[in-house]
Amino acid sequence: RVLLADASLRHRAGDAAGALPLYRKALLLDPGEHDTLHMIGVVLAQQGVLEAALPLMRRAATVAPAQWQGYESLSIACGGSGREAESLLASERAVVFACGASRPYLRRGKAMQQLMPRGAARSTLDRAVLLDPASAETRVERGNLHYRRGCNEEARDDYLHAVVLWPDR
């Protein structure tokens with residue numbers, strides 16, 4: 001656990017390259033440890049090595065299926081590699097286990113925009129806003145959806161909310 005903690009501190013400090021060898025050493029000590037599998041996958045995804053990241057993230061999800069953050073990361077990585085159907089499935093699982101957290105709904109809305117009618121994505125993003133009205137990212141994503149649909153007033157309202165919530169961006 002000490003290696004995992006050290007790796008996590010480095011990773012949070014922005015040193016993903018320095019964290020990766022520590023995560024790998026921790027994985028050698030406990031090959032089935034969810035957090036280690038998940039975090040190696042996250043680092044690899046951040047480095048753009050999605051083909052190596054995805055198997056680790058999938059394995060982490062099977063080791064601890066109730067950890068919604070793992071499904072969220074898997075959804076993001078799948079979406080980044082053009083696997084929209086798998087991205088949506090992973091985001092659906094995150095929603096099931098998240099117990100009311102808004103981030104999985106945001107991720108699900110992003111995935112749905114690629115595969116489904118916009119109305120389904122809109123209702124999911126509306127749910128994300130209800131769960132966390134202070135999420136500027138959710139407001140921007142819903143604004144983007146409105147803009148693509150030609151609903152410029154609704155888009156403007158969401159963008160204005162985002163600016164108020166995220167004044168430094």
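The minimum heavy-atom distance linking M57 with A45 is given by the pair CE-CB, 4.0 Å. Minimum heavy-atom separation, A111 to S87: CB-OG, 3.8 Å. Of all heavy-atom pairs spanning L131 and A101, the tightest one is CD1-O, 3.7 Å. Annotation for A155 and G143: closest pair CB-O, 3.4 Å, computed over non-hydrogen atoms.
Between atom NE2 of residue H38 and atom CD of residue E72 there is a gap of 8.0 Å, rounded to the nearest 0.5 Å. In this structure, S135 OG and L125 CG are separated by 10.0 Å, a value rounded to the nearest 0.5 Å. The distance from the OG1 atom of T138 to the CZ atom of R103 is 10.5 Å, given to the nearest 0.5 Å. Distance check, rounded to the nearest 0.5 Å: CG of D132 to OG of S102 gives 4.0 Å.
V63 and L27 end up in the same hydrophobic cluster when Ile, Leu, Val, Met, Phe, Trp and Tyr side chains are linked at under 4.5 Å. Follow the hydrophobic side-chain contacts under 4.5 Å out from V42 and you never reach W68; the two are in separate clusters. Y71 and L88 fall into different hydrophobic clusters, where Ile, Leu, Val, Met, Phe, Trp and Tyr are joined by side-chain heavy atoms under 4.5 Å apart, directly or via other members.
If you check the side chains of R12 and S8, you find a donor sitting under 3.5 Å from an acceptor. When only modelled atom types and interatomic distance are considered, R107 and S75 share a side-chain donor-acceptor pair under 3.5 Å.
Grouping Ile, Leu, Val, Met, Phe, Trp and Tyr by side-chain contacts under 4.5 Å, direct or through others, leaves I76 on its own. Hydrophobic cluster membership for V129: none, as no Ile, Leu, Val, Met, Phe, Trp or Tyr side chain comes under 4.5 Å of it. Grouping Ile, Leu, Val, Met, Phe, Trp and Tyr by side-chain contacts under 4.5 Å, direct or through others, puts L22 with L3, L29.
Within a 6.0 Å sphere centred on OH of Y147, other residues, nucleotides and ligands contribute 12 heavy atoms or fewer.
Not counting sequence neighbours, the partners of V49 by the side chain to side chain contact (heavy atoms under 4.5 Å, CB included) test are L44, Q47, A52. Taking the salt bridge (Lys or Arg N to Asp or Glu O under 4.0 Å) definition, one finds that E141 meets it with nothing, sequence neighbours left out. Take H161 and apply the ring pair (Phe, Tyr, Trp, His ring centres under 6.0 Å) test, not counting sequence neighbours, and it matches no residue. Under the rule for a side chain to side chain contact (heavy atoms under 4.5 Å, CB included), the partners of A85 that lie at least two apart in sequence or sit in another chain are L115. Here R58 pairs with L54, P55, L74, R83, E86 under the side chain to side chain contact (heavy atoms under 4.5 Å, CB included) rule; sequence neighbours left out. V95 pairs by the side chain to side chain contact (heavy atoms under 4.5 Å, CB included) definition with P104, Y105, R108, not counting sequence neighbours.
For residues 15-31, every residue pair satisfying the side chain to side chain donor-acceptor pair (under 3.5 Å) rule, not counting sequence neighbours, is listed here: H11-Y23. Applying the salt bridge (charged side-chain N to carboxylate O under 4.0 Å, His left out) rule to pairs touching residues 31-42 yields R1-E33, R1-D35, sequence neighbours excluded. Evaluation of the ring-ring contact (aromatic ring centres under 6.0 Å, His included) test over residues 42-67, restricted to residues two or more places apart or in two chains, returns none.
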Run E137 and K110 through side-chain contact (heavy atoms from CB on, under 4.5 Å) and show every step you take. CA-CA 11 Å; E137 183 181 7; K110 288 180 178 183; 3.1 Å; yes

Starting from the C-alpha separation in whole Å, work towards a yes-or-no answer on side-chain contact (heavy atoms from CB on, under 4.5 Å) for M39 and H34. CA-CA 8 Å; M39 293 314 299; H34 169 268; over 6 Å; no

Applying side-chain contact (heavy atoms from CB on, under 4.5 Å), run through N152 and H146 and close with a yes or a no. CA-CA 7 Å; N152 294 332; H146 290 315; over 6 Å; no

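In this structure, T62 contributes its side chain and R59 its backbone to a donor-acceptor pair below 3.5 Å.
Among R142, R149, R122, the one residue that satisfies the salt bridge (charged side-chain N to carboxylate O under 4.0 Å, His left out) test with E154 is R122. Of the residues listed (V163, L160, D158, V164), the one engaging R139 in a side chain to side chain contact (heavy atoms under 4.5 Å, CB included) is D158, and it is the only one.
Salt bridge status for D6 with R10: absent, with no side-chain N to carboxylate O gap under 4.0 Å.
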